[in-house]
Colleague: 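Before I ask anything, here is the structure I am working with.
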Amino acid sequence: MEYLSPYSEPSYGFCETPFGECCMAFSNEGICALTFPESRQSALDDLERRFQGIDFVQNDEKVARLASQIFEKGKNPAIHLMGTPFQLSVWEALQKIPKGHTSTYALIAEAIGRPKAVRAVGTAIGANPIAYVIPCHRVIRTDGGLGGFRWGLECKMAILEWEKK
DNA sequence: ATAAAGGCCACCC
DNA sequence: GGGTGGCCTTTAT
């Protein structure tokens, strides 16, 4: 269960990206969710589950603005991360992987000082709440395999190809 | 408290 | 290629 400040004016919306339609949600601190859902309904279900009891107001224009910053200008917007200490350390490590590069689950485990926790790292990466901005797609398997992706390997591959340019 | 399920890896065959 | 055992965190009993 997650918590957002009562002063945070939570909002959400949808927008097209190079990888299909995304859903974003915001608190006053920044983006708190970015997903590539199969349907709008599943995106809303997801928000409901993760931010139980929080009333998001739709604002597609804000999403479009942010999407432009992120996908066109390559800027890093403010984010509002919530998770366990372990998850936060993993998500922070992900943000150090440069665009156009990849890392592995084992290397991330190493980077956070928990070399044995490789599998748990995979689980934490799978729980990444802010796709693309937290570049979970840049992590592949040690043996060169793609690994997994919450919204489909096709999407993961598309993002990686796009980032090479 | 405990069990079960993971976006993994190394090692075997 | 495939199966197994070990590893560690999270979530659901």
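As a basis for the values below, the full set of heavy atoms in this structure was taken, side chains included, without hydrogen atoms, waters or symmetry mates. These numbers come from a predicted model, not from an experiment. Within every chain, numbering begins at 1; the chains are lettered A, B, ... in the order of the sequence lines, protein sequences first and strands thereafter.
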Colleague: Surrounding NZ of A/Lys96 (heavy atoms of other residues, nucleotides or ligands, distance under 6.0 Å), is the total greater than 12?
Modeller: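 Not more than 12 within 6.0 Å, no.
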
Colleague: Side chain of A/Ala120 only, heavy atoms from C-beta on: which candidate in B/dG7, B/dC9, C/dT9 is closest?
Modeller: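 Minimum distance to the A/Ala120 side chain belongs to C/dT9.
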
Colleague: Between A/Phe56 and A/Phe51, is the ring pair (Phe, Tyr, Trp, His ring centres under 6.0 Å) condition met? List the steps.
Modeller: CA-CA 9 Å; A/Phe56 290 90; A/Phe51 305 97; 5.5 Å; yes

Colleague: Tell me whether the guanidinium CZ or amine NZ of A/Arg40 lies under 6.0 angstrom from the six-membered ring centre of A/Phe14 and within 45° of its axis.
Modeller: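 Judged by the rule (NZ or CZ under 6.0 Å from the ring centre, within 45° of its axis), A/Arg40 counts as positioned above A/Phe14.
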
Colleague: Pick out which of A/Arg138, A/Lys156, A/Lys99 makes a salt bridge (Lys or Arg N to Asp or Glu O under 4.0 Å) with A/Glu163.
Modeller: A/Arg138

Colleague: Nearest-Å distance, CG (A/Leu107) to P (B/dC8)?
Modeller: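 Result: 15 Å.
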
Colleague: Under 4.0 Å, heavy atoms only, any strand: does A/Thr142 hit a base, just the sugar-phosphate, or nothing?
Modeller: sugar-phosphate

Colleague: Under 4.0 Å between any heavy atoms, over every strand shown, what does A/Arg114 touch: base, sugar-phosphate, or nothing? Just pick one.
Modeller: sugar-phosphate

Colleague: Let's see if you can work this out: which of C/dT10, C/dC8, B/dG7 has an atom nearest to the side-chain heavy atoms of A/Phe86?
Modeller: C/dT10

Colleague: Is there, by distance only and without an angle test, a donor paired with an acceptor across the side chain of A/Arg119 and the base of B/dG7 below 3.5 Å?
Modeller: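 No.
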
Colleague: Using purine N1 to pyrimidine N3 plus N6-O4 or O6-N4 for Watson-Crick, or N1-O2 and O6-N3 for G-U wobble, each under 3.5 Å, what pairs with B/dG7?
Modeller: none

Colleague: Reckon A/Val121 touches a base, only the sugar-phosphate, or nothing at all at heavy-atom distances under 4.0 Å?
Modeller: nothing

Colleague: Reckon A/Tyr105 touches a base, only the sugar-phosphate, or nothing at all at heavy-atom distances under 4.0 Å?
Modeller: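 Base: the residue A/Tyr105, judged by heavy atoms under 4.0 Å, touches a nucleobase.
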
